[in-house]
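Count residues from 1 along the sequence. Reckoned from all heavy atoms, side chains included, excluding hydrogens, waters and symmetry mates. Note that this is a predicted model, so its numbers are computed, not measured.
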Amino acid sequence: MASTEQPVDVEAGKVKEEAPPPPPPPPPPEAEEEAPPKVESEAPLPPPSWQVDRCVLVDGSLRLLVFVAAVAAVVVLVTSNQKVGAVKTKFNKYPALIYFVAALSVAGFYSLVTALSSFLFLFKPICPKICLLYFVFFDVVLLGMVASATGTAGAVGYIGLKGNRHVRWGKVCNIYDTFCHHLVSSVSLSLFAAVILSLLIILSLHSLFKKIPS
């Protein structure tokens, strides 16, 4: 019996020696260091673009007004033909009125192109400075054309209304009243277009001034 119990004790000792040590206890929750929260660097918010959009919208609307006024002035003057007896009068018999129609036609085409360009800038956050500079330059040139054409047409209308006794030019508006009424309406529309062009120049200069860094 003594010889049979000895190996059991040896095997039990081997089992005890081969058993892995118990894992270390986990640290207490108070010892765990909390990782600092990650602070994400927020990009600076862009400035509100509603002011720029409003300026662009006003610019495009004013240019559409110039287009409408210029086209209306041309149509009114071109349709001013009047025949009294055997004499027929029309705008193409006066070089000043031919220049008036040409200048207002250019103004209408230019205003339509620039109005479309202004409305395209509504889809962009920033209007380029070079575009504003071009607008100012060509608006000034166009204003000179429209103003000079308005002055020449107005001079023709004044002579037709009042005449000139010094050179014995008689007034004709008492005879060709329809022609003179069309001429007055056309000159008034041209004057309105010139005023709108002046406002456009001021607006473009204001927008360009805001883009200059202080």
Side-chain angles (χ1 to χ4, degrees), residues 55-119 132 134-207:
C55 290
V56 173
L57 185 61
V58 171
D59 183 88
S61 302
L62 291 178
R63 293 182 187 280
L64 283 180
L65 277 178
V66 175
F67 169 73
V68 172
V71 171
V74 171
V75 171
V76 168
L77 187 58
V78 169
T79 58
S80 63
N81 302 339
Q82 185 179 7
K83 186 176 182 180
V84 177
V87 181
K88 183 178 182 180
T89 183
K90 55 195 322 185
F91 80 96
N92 57 4
K93 293 184 178 180
Y94 304 91
L97 299 184
I98 295 175
Y99 170 67
F100 178 85
V101 171
L104 269 292
S105 300
V106 173
F109 177 74
Y110 167 81
S111 301
L112 180 61
V113 173
T114 53
L116 294 177
S117 301
S118 295
F119 286 126
L132 292 175
Y134 285 155
F135 280 174
V136 172
F137 176 76
F138 288 111
D139 287 349
V140 171
V141 173
L142 195 69
L143 176 60
M145 290 178 56
V146 173
S148 62
T150 304
T152 55
V156 173
Y158 181 82
I159 292 176
L161 180 65
K162 297 293 185 179
N164 193 327
R165 292 180 298 173
H166 300 286
V167 293
R168 297 181 181 179
W169 289 346
K171 56 184 178 179
V172 296
C173 283
N174 54 344
I175 302 173
Y176 299 98
D177 53 348
T178 302
F179 176 80
C180 290
H181 290 161
H182 279 249
L183 181 58
V184 169
S185 301
S186 184
V187 170
S188 301
L189 290 170
S190 177
L191 184 61
F192 174 74
V195 172
I196 298 300
L197 280 171
S198 303
L199 295 178
L200 279 172
I201 294 172
I202 296 174
L203 181 63
S204 298
L205 287 175
H206 174 69
S207 301

Minimal non-hydrogen separation, [X] against [Y], with atom names:
X	Y	result
F119	G60	CZ-C, 3.7 Å
S186	F100	OG-CE2, 3.0 Å
A153	V187	CB-CG2, 3.7 Å
T150	V146	OG1-O, 2.7 Å
Q82	I175	NE2-O, 3.8 Å
A103	A149	CB-CB, 3.7 Å

Any chance you could measure [X], atom [atom1], to [Y], atom [atom2], to the nearest 0.5 Å?
X	Y	atom1	atom2	result
I201	I196	CD1	CD1	12.0 Å
D177	L161	CG	CG	11.5 Å
N81	T178	CG	OG1	11.0 Å
L142	F137	CG	CZ	12.0 Å
L65	F192	CG	CZ	5.0 Å
K83	K90	NZ	NZ	11.0 Å

Close side-chain approach of [X] and [Y], heavy atoms under 4.5 Å:
X	Y	answer
S80	L183	no
F135	L200	no
V140	L143	no

- Side-chain donor/acceptor of S111 to backbone N/O of G108, under 3.5 Å: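 It does not hold such a pair.
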Notebook entry, point to check: Is there a donor-acceptor pair closer than 3.5 Å between any side-chain N or O of H182 and the backbone N or O of L77?
Noted result: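 No, the answer is negative, given that no donor and acceptor are paired below the 3.5 Å cut-off.
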Any pair counted as salt bridge (Lys or Arg N to Asp or Glu O under 4.0 Å), so long as it reaches residues 60-69, sequence neighbours left out: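 Every salt bridge (Lys or Arg N to Asp or Glu O under 4.0 Å) pair that includes a residue of residues 60-69, provided the two are not neighbours, is D59-R63, R63-D139.
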* Can a donor-acceptor pair be found between the side chains of Y99 and S148 at a distance below 3.5 Å? ->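 Looking only at side-chain atoms, S148 and Y99 do form a donor-acceptor pair, the distance falling under 3.5 Å.
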Checking V66 against Y110 for the side-chain contact (heavy atoms from CB on, under 4.5 Å) test, could you report, in this order, the C-alpha distance in whole Å, the side-chain angles of both residues, the deciding distance, and whether it holds? CA-CA 9 Å; V66 175; Y110 167 81; over 6 Å; no
Mind running side-chain contact (heavy atoms from CB on, under 4.5 Å) on L104 and S190 for me, showing each step along the way?
-> CA-CA 8 Å; L104 269 292; S190 177; 3.7 Å; yes
